[in-house]
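Following: one structure in structure tokens, then a few remarks.
Both ligands and their constituent atoms are indexed starting at 1 by order of listing.
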Amino acid sequence: MSFISGKCLCGNISYQSFAEPEFTANCHCTDCRAATGAVYSTICFIKADQLTINGKTKTFQHLSDRGNTMTKHFCPTCGSQLFGENTARNGMIGIRAGSIDQIDKIKPSRQVYISSRIPSTPIDSELPVSHRMPEN
Ligand SMILES: [Zn+2]
Ligand SMILES: [Zn+2]
């Protein structure tokens, strides 16, 4: 059985899931870069009802380039960003992969928003590339 868990930097927010990630992407969009402070973000998408979150996150909402409402969840104490939701993907939640304990479960299947990539950021030549986030 699959199991993933993770936590923020201070440990006040943690999570567990028995779901297999449905889709994992390396996202180079400007929103992910600004939100995480990293040059790109790896996101594991799982079904939201299969994720158990311990602790109360703070949220920030903004619009995507397609006009969808994006909700970022972060720890109110240490600021680690852990989850993201998108109204275009109802029922799914994206976990910031850097917070996941089981590093062998982090297997990106594509790299998205490649047109926003910082030129010095390496890309994986084995993975398919999209200019935006695929619709599903
Ligand atoms: Zn924290
Ligand atoms: Zn992104």
Side-chain angles (χ1 to χ4, degrees):
M1 179 181 276
S2 181
F3 178 73
I4 59 172
S5 59
K7 58 188 175 315
C8 64
L9 180 61
C10 75
N12 283 355
I13 310 283
S14 61
Y15 61 86
Q16 300 88 35
S17 178
F18 289 100
E20 195 69 46
E22 310 238 329
F23 172 73
T24 299
N26 290 340
C27 185
H28 296 263
C29 83
T30 52
D31 289 345
C32 278
R33 286 171 17 209
T36 62
V39 293
Y40 71 95
S41 174
T42 301
I43 309 163
C44 294
F45 293 94
I46 67 167
K47 293 202 170 74
D49 63 4
Q50 295 185 36
L51 181 69
T52 303
I53 300 171
N54 313 298
K56 178 111 183 74
T57 58
K58 268 193 119 173
T59 58
F60 174 75
Q61 291 192 318
H62 65 102
L63 292 180
S64 75
D65 60 346
R66 288 191 166 127
N68 304 316
T69 300
M70 312 292 285
T71 304
K72 309 280 193 258
H73 293 257
F74 55 95
C75 172
T77 305
C78 69
S80 294
Q81 200 190 125
L82 295 169
F83 317 112
E85 292 176 285
N86 178 346
T87 49
R89 283 174 194 275
N90 254 330
M92 297 292 284
I93 193 161
I95 302 173
R96 296 292 184 190
S99 65
I100 294 174
D101 295 325
Q102 294 74 20
I103 54 175
D104 57 312
K105 297 279 182 195
I106 304 167
K107 295 175 187 152
S109 56
R110 61 175 51 236
Q111 33 208 354
V112 300
Y113 282 92
I114 206 76
S115 50
S116 303
R117 178 177 72 98
I118 293 173
S120 62
T121 302
I123 58 170
D124 187 336
S125 58
E126 313 255 297
L127 294 182
V129 156
S130 304
H131 288 285
R132 307 176 83 182
M133 190 64 90
E135 290 288 354
N136 48 48

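- For the pair R117 and Y40, the cation-pi criterion (under 6.0 Å, within 45° of the ring axis) is not fulfilled.
- Centred on the Zn ion (ligand 2), the angle running from C27 (SG) to C29 (SG) is recorded as 110°, rounding to 10°.
- Taking backbone and side-chain atoms together, H28 has no N/O/S atom less than 2.8 Å away from the Zn ion (ligand 2).
- Side-chain atoms of R33 never come within 3.5 Å of backbone atoms of S41 as a donor-acceptor pair (strictly under, hydrogens ignored).
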Worksheet item: Between K58 and C75, is a side-chain contact (heavy atoms from CB on, under 4.5 Å) present by the stated rule, with each step listed?
Response: CA-CA 6 Å; K58 268 193 119 173; C75 172; over 6 Å; no
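- The existence of a salt bridge linking K7 and D101 is confirmed by a sub-4.0 Å separation between a basic side-chain nitrogen and an acidic carboxylate oxygen.
- If you run side-chain hydrogen bond (donor to acceptor under 3.5 Å, both in side chains) between H73 and each of Q81, E85, K56, only E85 comes through.
- Take a cut-off of 2.8 Å around the Zn ion (ligand 1): the protein N, O or S atoms inside it are C8 SG, C10 SG, C75 SG, C78 SG.
- Residues E20 and S2 bring a donor and an acceptor atom of their side chains to less than 3.5 Å of each other.
- Judged by distance alone, the side chains of Y15 and S99 do bring a donor and an acceptor atom under 3.5 Å apart.
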